[in-house]
Amino acid sequence: MAAAAAEQQQFYLLLGNLLSPDNVVRKQAEETYENIPGQSKITFLLQAIRNTTAAEEARQMAAVLLRRLLSSAFDEVYPTLPTDVQAAIKNLLPGFLQAVNDSCYQNDDSVLKSLVEIADTVPKYLRPHLEATLQLSLKLCGDTSLNNMQRQLALEVIVTLSETAAAMLRKHTNIVAQTIPQMLAMMVDLEEDEDWANADELEDDDFDSNAVAGESALDRMACGLGGKLVLPMIKEHIMQMLQNPDWKYRHAGLMALSAIGEGCHQQMEGILNEIVNFVLLFLQDPHPRVRYAACNAVGQMATDFAPGFQKKFHEKVIAALLQTMEDQGNQRVQAHAAAALINFTEDCPKSLLIPYLDNLVKHLHSIMVLKLQELIQKGTKLVLEQVVTSIASVADTAEEKFVPYYDLFMPSLKHIVENAVQKELRLLRGKTIECISLIGLAVGKEKFMQDASDVMQLLLKTQTDFSDMEDDDPQISYMISAWARMCKILGKEFQQYLPVVMGPLMKTASIKPEVALLDTQDMENMSDDDGWEFVNLGDQQSFGIKTAGLEEKSTACQMLVCYAKELKEGFVEYTEQVVKLMVPLLKFYFHDGVRVAAAESMPLLLECARVRGPEYLTQMWHFMCDALIKAIGTEPDSDVLSEIMHSFAKCIEVMGDGCLNNEHFEELGGILKAKLEEHFKNQELRQVKRQDEDYDEQVEESLQDEDDNDVYILTKVSDILHSIFSSYKEKVLPWFEQLLPLIVNLICLHRPWPDRQWGLCIFDDVIEHCSPASFKYAEYFIRPMLQYTCDSSPEVRQAAAYGLGVMAQYGGDNYRPFCTEALPLLVRVIQSADSKTKENINATENCISAVGKIMKFKPDCVSVEEVLPHWLSWLPLHEDKEEAVQTFSYLCDLIESNHPIVLGPNNTNLPKIFSIIAEGEVHEAIKHEDPCARRLANVVRQVQTSGGLWTECIAQLSPEQQAAIQELLNSA
């Protein structure tokens, strides 16, 4: 005991030294503390916290250290602790909650902040006292004597738990039911503002306000807990609020409806009709801010429920919004109605919008003319900014149908760009530039050409003033996007403008964000509206990044991708500087969009650089290759990762055999192996989560999403292997052997169907590109491939059938007995009753194609005479275009060699062959530039010369098929 007490005594000294103002003493104490083993550390800290006789500073220090230790490594440290220590830590919680409560009433919210942190990082720790934690948060949130910040932090505890421990929270329905009215009450906390309706500047939302905090909390909670729980609880409250005589309640009710759309998507869809009818009534509410909120709800629903919303409600919604846009005395309402119209048209199917085009255009035009006059007379521009974007959005959806209205708008739009040069009109000018370029893209080059050079001159003029623009000028990003659209419209003719455009574009793409490491003290002096965002690193430290310019940087990088794609070799002058910019950006972790653009650019830049010859190309590839492989190994975001993998595969296809050296192969092998192992491990982890006490159907939904993400990465592994096999052929098989056991594991019977599908696809590539050497591995895949030809999953059947086809086509003689064995299995699939349904057709067509390949490449393995008549009766293929070409070219072989079974006695089968060709042509199964199309056209021409037979062949075709035959003759 004495020894333990002495150690504890030393620990108090240590705690004191950690607080020492003397740097050397403090540093030494920190090192000593770091070296204490985790378990003893916790024991010491707990004793210090509980020891009421110890110095207050030392106890506080111990509490901070314990929290830091637990929140950073809770999942690792906690399970290894002895049960009594686990219990002691759990027993700390009631005292901690008491401290949260007391400190709030002493105007200190630091303890409450740490509760938010625990809810975020280790929510399971709160489980034994979850009810108490929630009750406390609810009490503080509802206490209007506390300041707004504290009330919002208390709400944040509950909202954070709905994101980090949704299943745990869903069991406490009583708390959720009490939290919802709290959030709604915050949303009613609005101020009267006489000048609101005609304010010309949109001031940013006040993020400290209760109304904004309540709305954001509601949105997050609905997404976290799901609509099944939230909608029934909130529906009545919203209905009551919408009937309240006080405008603030009606406003809050409509904003709440907008906020829950994403989270309650499924449940609201069922009652969307009554919701929409109800909301539209409020577009005529006596109070302008309620009308504004109704516009907000309509716009939000148009986005959340697209395109179903547009299909069901187009008539009502368009009419109501156009009427609201006429609300002359209330600019803010007019502008927001125009904004809702933008949301509506963005996701509106073109065919639905066309009937309203005349009416829409008439309204938009008259408002534009009116607001242009107001701009000149009063200088007001808010509505005009939105209307210009509405026009752009309508044109973007209507495409070529907008041509008749082009001349109505273009002169005014050009006028705005020419004359709106004052600083306060920058946003209007930017939006107008966007509108002009979108209209140009919609109506096409022919119509736009009359104005193209004027517009280019206007843009160039803005561009030359670019150097004087401030970095946060909103015109910059509009300009950059407009240039890229002009490039799409003008194609190769755009090249002449590159020298002017590339300077500012490269400058914007090269923006370096300001970053800073701040402690809590610095944080207090920073406000959100300076455009900084913070990531809490724990330890009272935050990582800050200035977000201004990040979106612009991302846009600029995407535009560089667009130029490389559109201009190809016309962009070659710039490939070097762009590659030097893009390769380091694969590690630009501040913005996903930048990394995606960097990845996308790589194969396109190689295509551009091709014209400079192989040496230049290889140099460029060497500059990219290492970085791409490393990025596949380190990229944390799965969406970005899939883009990088896809680009890498494309690059290998461009560069071909020899583009990877031994080190590359070694590194890539290790990374792909790790990805596949992670794939299996994630599946196991999901099975474990399904056993968790909080498992419910919402958890299952999120596990399904994780699963989809994993499978998507698996498809990219397959892409990379495909590009390597097709470039390197059998030389790469020894390298592939390190992955073989994992791929074999993918096609085991007990694995989910996507695993088996993609495992088969990888073996399909091995057979197609590495035969006859592939037979060495046949023992691993041949049985599963035959067995899976009749699998219940169409995707698996398709992959198996494709494999059997390439086995006949490329596999050597060793595969012959398996071709014989495959035939009846393929026929069974083709002849099953539902083989032509939408979900089965692709698998079936692959089976038909495989039968054709067996007859063509391994004719002695089957009785061709017997199979051919059946095979002809299954043609044509039209869903799977690649297999359609294969089957048609085999059909041409047979016809050109005058095969008796195909032509029939006295050519009696020719009408049947004609209808196969015509039907294939109707479905555009073969592109006219394909050599096969010419062969088919020649067959038709030969019959054309034979008089009676021709008449007979043509007579039995439908008018559509006859037209298709004519089209084939004209073009091939």
Side-chain angles (χ1 to χ4, degrees), residues 163 204 207 216 220 430 434 469-485 501-518 523 526-537 541-565 574 577-605 623-624 626-648 650 709 712-713 716:
E163 294 172 322
D204 287 328
F207 284 107
S216 141
R220 287 166 53 203
E434 172 184 57
M469 283 190 190
E470 293 162 32
D471 282 346
D472 63 347
D473 191 317
Q475 293 178 85
I476 296 178
S477 59
Y478 288 116
M479 286 290 303
I480 287 173
S481 304
W483 281 124
R485 288 188 203 105
V501 178
M502 284 298 288
L505 186 56
M506 289 299 287
K507 183 181 160 193
T508 308
S510 308
I511 291 175
K512 287 196 168 42
E514 268 186 76
V515 291
L517 199 58
L518 306 169
M523 284 285 290
M526 303 285 301
S527 63
D528 285 348
D529 53 358
D530 296 339
W532 284 80
E533 258 180 38
F534 301 100
V535 182
N536 188 343
L537 303 174
Q541 278 199 319
S542 286
F543 175 75
I545 172 166
K546 192 157 189 175
T547 51
L550 277 190
E551 280 308 320
E552 285 80 2
K553 181 185 180 80
S554 173
T555 307
C557 291
Q558 283 157 359
M559 297 312 134
L560 288 168
V561 170
C562 171
Y563 290 163
K565 198 192 241 153
Y574 300 94
Q577 62 188 83
V578 176
V579 162
K580 285 180 176 161
L581 169 79
M582 289 295 199
V583 168
L585 292 181
L586 288 167
K587 299 199 291 276
F588 189 82
Y589 294 116
F590 307 118
H591 197 293
D592 294 352
V594 172
R595 301 199 300 288
V596 169
E600 275 182 63
S601 71
M602 305 285 154
L604 296 168
L605 290 167
F623 188 68
M624 301 174 177
D626 286 346
L628 273 169
I629 294 177
K630 288 204 167 39
I632 295 173
T634 53
E635 173 56 55
D637 181 280
S638 70
D639 292 339
V640 181
L641 174 63
S642 59
E643 290 290 346
I644 297 174
M645 293 172 81
H646 182 73
S647 282
F648 180 67
K650 280 246 185 291
N709 270 341
Y712 196 58
I713 297 299
K716 299 301 160 200

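Residue indices begin at 1 and follow the sequence shown.
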Quiz item: Stepwise, does the side chain to side chain contact (heavy atoms under 4.5 Å, CB included) test hold for Cys562 with Gln558?
Solution: CA-CA 6 Å; Cys562 171; Gln558 283 157 359; over 6 Å; no
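- Residues Asp639 and Asn709 have side chains in contact (heavy-atom distance under 4.5 Å, counting atoms from C-beta outward).
- Figure legend: Lys553 and Phe590 shown without cation-pi pairing, the cationic atom not lying both under 6.0 angstrom from the six-membered ring centre and within 45 degrees of its axis.
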Quiz prompt | Test log, rule side chain to side chain contact (heavy atoms under 4.5 Å, CB included), inputs Val640 and Tyr589 | solution = CA-CA 11 Å; Val640 181; Tyr589 294 116; over 6 Å; no
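- Considering all non-hydrogen atoms of both residues, Val583 and Ala627 come closest at CG1-CB, 3.5 Å.
- A distance of 10.5 Å separates CG in Leu505 from CE in Met479, rounded to the nearest 0.5 Å.
- Scanning all heavy atoms of the two residues, the minimum distance from Thr555 to Ser477 falls at CG2-O, 4.5 Å.
- A distance of 7.0 Å separates CZ of Arg485 from CE of Met559, quoted to the nearest 0.5 Å.
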Practice problem: Please test Met502 against Val578 for side chain to side chain contact (heavy atoms under 4.5 Å, CB included), starting from the C-alpha separation and ending with a verdict. | Solution: CA-CA 10 Å; Met502 284 298 288; Val578 176; 4.1 Å; yes
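- Judged by distance alone, with hydrogens and angles left aside, the side-chain atoms of Ser647 form no donor-acceptor pair with the main-chain N or O of Ile644 at under 3.5 Å.
- Of the inter-residue distances, the one linking Ile480 atom CD1 with Thr508 atom OG1 reads 3.5 Å to the nearest 0.5 angstrom.
- Looking only at atom types and distance, the side chain of His591 has a donor-acceptor partner in the side chain of Glu551 under 3.5 Å away.
- The CG atom of Leu586 sits 12.0 Å away from the NZ atom of Lys630 when rounded to the nearest 0.5 Å.
- The shortest heavy-atom contact between Cys557 and Val594 is SG-CG1, 4.3 Å.
- Residue Ser601 comes nearest to Met582 through the heavy atom pair OG-CG, 3.5 Å, listed as atom of the first residue, atom of the second, then distance.
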Practice problem: Before giving the answer on side chain to side chain contact (heavy atoms under 4.5 Å, CB included), spell out for Tyr574 and Leu581 the whole-Å C-alpha distance, their side-chain angles and the decisive distance to 0.1 Å. | Solution: CA-CA 11 Å; Tyr574 300 94; Leu581 169 79; over 6 Å; no
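- Within a 6.0 Å sphere centred on OH of Tyr712, other residues, nucleotides and ligands contribute 12 heavy atoms or fewer.
- Atoms NZ and CE, from Lys580 and Met506 in turn, are 10.5 Å apart once rounded to the nearest 0.5 Å.
- Taking each heavy atom of Lys716 and Ser642 in turn, the nearest pair found is CD-O, 3.6 Å.
- Separation of atoms CG (Leu585) and CG (Leu560) is listed at 10.0 Å; rounding is to 0.5 Å.
- The heavy-atom pair separating Pro513 from Ile545 by the smallest distance is CB-CD1, 3.9 Å.
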